[in-house]
Every structure is written in structure tokens, then in C-alpha cells.
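Read the structure below first, then the notes.
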Amino acid sequence: TPVGAPLYQQTGAVFGDSALSAITFNGTADTFSIPAGLSTITGDTFSFVGWVKKAVNGTSMGVFDFGSAGVGTNAGWRVRVEQSGAVALIFANTGLIFTSTTTITDALWHQIVVTKNGTSTTSAKVYIDGVDRTPGAVTAQTIFVTGNASFIGKSAASGEFWNGSLDDIAVFPYALSAATVTTLYNLGSAGTRGIIPAQFVPVSATDWTALTVALIPGGAINNILRSI
């Protein structure tokens, strides 16, 4: 559900996609709210993929929030770009898991991928433009099932809104491999659709230039949360 007045049909990131596939957010009120229970992605195994384009520097901005407003065993996670431009994975409201070793400080499109596969200090990874930028120090955090709403373009608890554009946001119920991450980036930047590998198909022929969020049912790709 759109909140505020996001601008549709903006110039997109993935060159093989529609030229007007992205959505621009104003940094103060624009977001998309996703009801609790839309996906059965649970706990410590997931991947986030998205293309981001910043309009400003020097402020923390939420890219995607998977039910992080809860506490304790009802708290999810969020992906945020920090004031420095580093990409952070955060448990609940304050449980920082990592920040990336490189930063995003320009106004160009960049692909962000965050994966988690367990609770150890080696379970979480962050990739920027297909390259592993995971720091040496990763905090072990146990993430639980959440019953809270999720958001595209803001952090739930802190209200850190995205100022800029987002394109091809997807969440997977498993950790993508480094090879798959590189393939997705190369496909997207080389002029073919790079968000979902070839064996993944959308639930319908929806025009992705208007923001839609859908579950892709069946088999190994069950419960993928997909947008644009």
C-alpha cells in the first residue's frame, strides 16, 4: 500500500527492464507498507536484493524493513544506508549486525544484496554491485519470526525515509550464493533483467513499472516477496 506520494515510472536501474521501472521517494513521507503475514520468510535465513539511487548524502535512510518494529522474539530486520553511505543490516531497532566496508556516496544506481544463513558471525553477508563487502567484524544475532508490517523505503521504528529512487526490490527465503549474487548484478548491468534468475517466474504478467508486491508460490521459490 503506498503511503505519501511516491513517484511512479521513474528511470530504472536494470537496463534490460522497462526504462521507467523505478519509483522515487521524497525522504519525508513516501513509503510502501506491506501487511504482516504476507510472506512466511522466517528467522535467520533470507536474502534481500535491491537497486538503490541516493538523492542526498549525510543521512541514514531505510531501504527495506522486514517487521523490525517489534521487540524480542517478535522483531525482524532492516537494511539501511547509513549517514556514511555504508550499507547496514540491523536486527529490530538497534541490533547492528554489520556495516559494509565500502560506501555509496554518489547519485548513481547500485545493487545491494544482503544475505543471512544462521546465527554465527560468518552467517551474514553484504554485496554492493556484485562484490562482497562484508566486514571482518559481524555481530551474531538471532532473528525471529515477526508479526509486524514491513516497509519499502523506510525504517519502521525510526522513520528513516528513503530519499531517492528504488528499483527491483526482492526478498528470498534463503541465502543466495556469492556466485548467484554476481550473476544477478552482471545480468542487470549488462542489459538483461537481473533481479530473478531465469528459472524464477512472476506470478502473473503484471506490468512491473507500477509497484506491485506478490508472492511467487511453489517449490524451492516459495514465499519470495517481489516488487517492481
Side-chain angles (χ1 to χ4, degrees), residues 11-19 21-23 39 41 44-54 61-64 66 77-82 84-90 97-139 143 152 162 164-202 208 216 219-228:
T11 301
V14 180
F15 300 128
D17 203 352
S18 166
S21 62
I23 293 178
S39 173
I41 295 172
D44 280 308
T45 303
F46 60 83
S47 298
F48 165 84
V49 182
W51 289 79
V52 305
K53 183 179 181 182
K54 297 172 65 177
M61 298 186 290
V63 179
F64 182 77
F66 194 80
W77 49 273
R78 55 194 168 112
V79 175
R80 182 177 75 184
V81 175
E82 304 287 71
S84 65
V87 177
L89 174 62
I90 301 167
I97 296 174
F98 61 63
T99 55
S100 61
T101 58
T102 59
T103 59
I104 298 172
T105 57
D106 56 32
L108 302 176
W109 282 107
H110 296 278
Q111 187 200 57
I112 293 173
V113 178
V114 171
T115 69
K116 198 168 189 296
N117 189 24
T119 61
S120 74
T121 56
T122 60
S123 66
K125 299 285 186 182
V126 56
Y127 304 83
I128 299 176
D129 295 335
V131 179
D132 189 340
R133 302 299 187 184
T134 309
V138 174
T139 301
I143 297 178
I152 297 172
W162 183 258
S165 299
L166 300 175
D167 196 1
D168 277 321
I169 303 295
V171 178
F172 299 79
Y174 48 84
L176 297 174
S177 69
T180 298
V181 171
T182 300
T183 297
L184 289 177
Y185 175 72
N186 289 340
L187 286 173
S189 60
T192 56
R193 187 166 184 82
I195 188 61
I196 303 293
Q199 68 268 30
F200 298 158
V201 293
W208 297 112
I216 304 177
I221 59 169
N222 191 33
N223 303 316
I224 293 174
L225 182 62
R226 163 108 185 244
S227 74
I228 313 181

Q: Determine whether T115 and Y127 make a side-chain contact, defined as any pair of heavy atoms from C-beta on separated by less than 4.5 Å.
A: yes

Q: For side-chain contact (heavy atoms from CB on, under 4.5 Å), just list the numbers for V81 and I112, CA-CA rounded to whole Å, side-chain angles, deciding distance to a tenth of an Å, and then say yes or no.
A: CA-CA 10 Å; V81 175; I112 293 173; 4.1 Å; yes

Q. Considering all heavy atoms of both residues, which atom of M61 and which atom of R80 are nearest to each other, and what is their separation?
A. O-CG, 3.2 Å

**Q.** A86 versus T99, closest heavy-atom pair with distance
**A.** CB-CB, 4.1 Å

Q. Hey, is the main chain of T105 close enough, under 3.5 Å, to the side chain of T103 for a donor-acceptor pair?
A. no

Q. Between V138 and I97, is any pair of side-chain heavy atoms under 4.5 Å apart?
A. yes

Q. How far apart are the C-alpha atoms of V87 and I104, what are their side-chain angles, what is the distance that settles it, and do they pass the side-chain contact (heavy atoms from CB on, under 4.5 Å) test?
A. CA-CA 8 Å; V87 177; I104 298 172; 4.2 Å; yes

Q) How close do I143 and D44 get, heavy atom to heavy atom, and via which atoms? A) N-OD1, 3.0 Å

Q) Looking only at heavy atoms, what is the nearest atom pair of I169 and G50, with distance? A) CD1-CA, 3.7 Å

Q: Identify the heavy atoms of A175 and K116 that sit nearest to each other, and give their distance.
A: CB-O, 3.8 Å

Q: Describe, in one word, how the ring planes of F66 and W77 are oriented to each other, choosing from parallel (under 30°), tilted (30 to 60°) and perpendicular (over 60°).
A: parallel

Q | K54 to W162 - nearest heavy-atom pair and separation | A | CG-CH2, 3.7 Å

Q. How many angstroms lie between atom NZ of K125 and atom OG1 of T134, to the nearest 0.5 angstrom?
A. 5.0 Å

Q: Side-chain contact test, heavy atoms from C-beta onward, threshold under 4.5 Å: evaluate it for S165 versus W51 and give yes or no.
A: no

Q.
side-chain contact (heavy atoms from CB on, under 4.5 Å) for I23 and L166? Distances and angles first, verdict last.
A. CA-CA 6 Å; I23 293 178; L166 300 175; 5.9 Å; no

Q: Taking the side chain as every heavy atom from C-beta outward, state whether F48 and V63 have any atom pair closer than 4.5 Å.
A: yes

Q) Can you find a pair of side-chain heavy atoms, one from Y185 and one from V131, that are under 4.5 Å apart? A) no

Q: Start with the C-alpha gap between V49 and L176, add the side-chain angles, then the distance that decides, and say whether side-chain contact (heavy atoms from CB on, under 4.5 Å) holds.
A: CA-CA 10 Å; V49 182; L176 297 174; 3.7 Å; yes

Q) Do S100 and I128 come within less than 4.5 Å of each other through their side chains, counting heavy atoms only? A) yes

